[in-house]
There are 2 protein chains.
Amino acid sequence: MLKTSIEMDKAASILKLLGDKTRLTMMKILDKHDCCVCEFVEIFKTSQPSISQHLRKLRDIGLVKEERRGQWIFYSINKSNEYYPFIEQILNQLPSQDDKLKELEEQGARITCC
Amino acid sequence: MLKTSIEMDKAASILKLLGDKTRLTMMKILDKHDCCVCEFVEIFKTSQPSISQHLRKLRDIGLVKEERRGQWIFYSINKSNEYYPFIEQILNQLPSQDDKLKELEEQGARITCC
DNA sequence: TGAATATATAAGCAAATCATTATATAATGA
DNA sequence: TCATTATATAATGATTTGCTTATATATTCA
């Protein structure tokens, strides 16, 4: 049987995680491009521990996954998560954040780092 | 021009409000039926001030509106809110909460009160 | 191997959140 | 008018959150 709805508990905890501008923007970016921690540090102009902590929350609940590539750890959306369709519908309604990555590229930060 | 996306700031603050099980359930119920405060007190088995405070948050950001009917104040979804389509897509993915109102009816609480 | 880079984690702290208790306001009905 | 009912608001306190600083771990490269 196709699962058409999500439990309220789980939905609330996912929405709570998405209810933070940094994490919401991260998810929107990750929905299109994998990113490493240092890119997020650049994009959000905040500390590395702060970024790591946000990513950990997203990972703990299964929304993103990590993969080491040499020195860097890349994060990506976990599209096989059972709640991904729920999240996708939300992300689809948000404005593209591609400009943030483009800015990184222009300042050479994307290439240098990853 | 049709507005197809929502600012990230606003989206995050809406998701934050929805990221609480009580408020999320309230919104799902209100999406189908108007309700008064005392009904929510029954449904959530919590204090009246707690319910009022949740409703105030939803009202402050424009997601619900209130209307006095005699002794009672009824809350309803503010469908003319510019962000309603965003919220609706989320609510549509959640399981019906009609059973909660049905329970109230069975125990006479819906009729007695409102 | 040792320095540099990328990341995670722990500890501490200020601010936000959510419930509770107490109180105020508004409407109803005897 | 007075008691009751419904609701809002204020004050308080415990918990959670998100940041910072400090430190640990893992990888790369000279």
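Computed from a predicted model, the values in this text were never measured in an experiment. Here is the naming used below: chain letters follow the sequence lines, and residue numbers restart at 1 for every chain.
In this structure, A:Glu66 places its CD atom 12 Å from P of D:dT27, rounding to the nearest Å. If you take NZ of A:Lys57 and C1' of C:dT9, they are 14 Å apart, rounded to a whole angstrom. Computed from coordinates, the B:Leu58 CG to C:dT17 P distance equals 13 Å when rounded to whole Å. Rounded to whole angstrom, the span from the CD atom of A:Glu42 across to the C1' atom of C:dT7 amounts to 15 Å. Between A:Glu39 atom CD and C:dT5 atom C1' there is a gap of 15 Å when expressed in whole angstrom units. With rounding to whole Å, B:Asp60 atom CG is found 15 Å from C:dC18 atom C1'. Between the CZ atom of A:Arg68 and the P atom of D:dA26 there is a distance of 9 Å, given to the nearest Å. Atom C1' of nucleotide C:dA8 and atom CD of A:Gln71 are separated by 15 Å, given to the nearest angstrom.
Residues passing the side-chain contact (heavy atoms from CB on, under 4.5 Å) test with A:Val41, sequence neighbours excluded: A:Val37, A:Gln48, A:Ile51. Residues forming a side-chain contact (heavy atoms from CB on, under 4.5 Å) with B:Lys32 (at least two apart in sequence, or on another chain): none. For B:Lys28, the salt bridge (Lys or Arg N to Asp or Glu O under 4.0 Å) criterion is met by no residue, not counting sequence neighbours. Not counting sequence neighbours, A:Lys16 has no partner by the side-chain contact (heavy atoms from CB on, under 4.5 Å) test. For A:Glu67, the side-chain contact (heavy atoms from CB on, under 4.5 Å) criterion is met by A:Arg69, not counting sequence neighbours.
DNA chain D lies under 4.0 Å from at least one heavy atom of each of the following residues of residues 43-56 of chain B: B:Gln48, B:Pro49, B:Ser52, B:Gln53, B:Arg56. DNA chain C lies under 4.0 Å from no heavy atom of any residue of residues 14-23 of chain A.
Within the shown strands, C:dA15 is the pairing partner of D:dT16 under the Watson-Crick or G-U definition, both distances less than 3.5 Å.
If you check every strand for non-hydrogen atoms under 4.0 Å, B:Tyr75 touches sugar and phosphate atoms only.
Between the side chains of B:Tyr83 and B:Asn78, no donor-acceptor pair is found at a separation under 3.5 Å.
Each salt bridge (charged side-chain N to carboxylate O under 4.0 Å, His left out) pair with one or both residues in residues 43-61 of chain B, not counting sequence neighbours, appears once here: B:Glu42-B:Lys45, B:Arg59-B:Glu66. Residue pairs meeting the salt bridge (charged side-chain N to carboxylate O under 4.0 Å, His left out) criterion with at least one partner in residues 86-102 of chain A, sequence neighbours excluded, are absent.
Here B:Ile6 contributes atom CD1 and A:Ile90 contributes atom CD1; the two are 10.5 Å apart, rounded to the nearest 0.5 Å.
The side chain of A:Cys36 sits closest to C:dT7 out of D:dT7, C:dT7, D:dG18. When the nucleotides C:dT5, D:dT9, D:dA6 are ranked by their closest atom to the side chain of B:Trp72, D:dA6 comes out on top. Among the nucleotides D:dA8, C:dT17, C:dA8, the one closest to the side chain of B:Ile73 is D:dA8.
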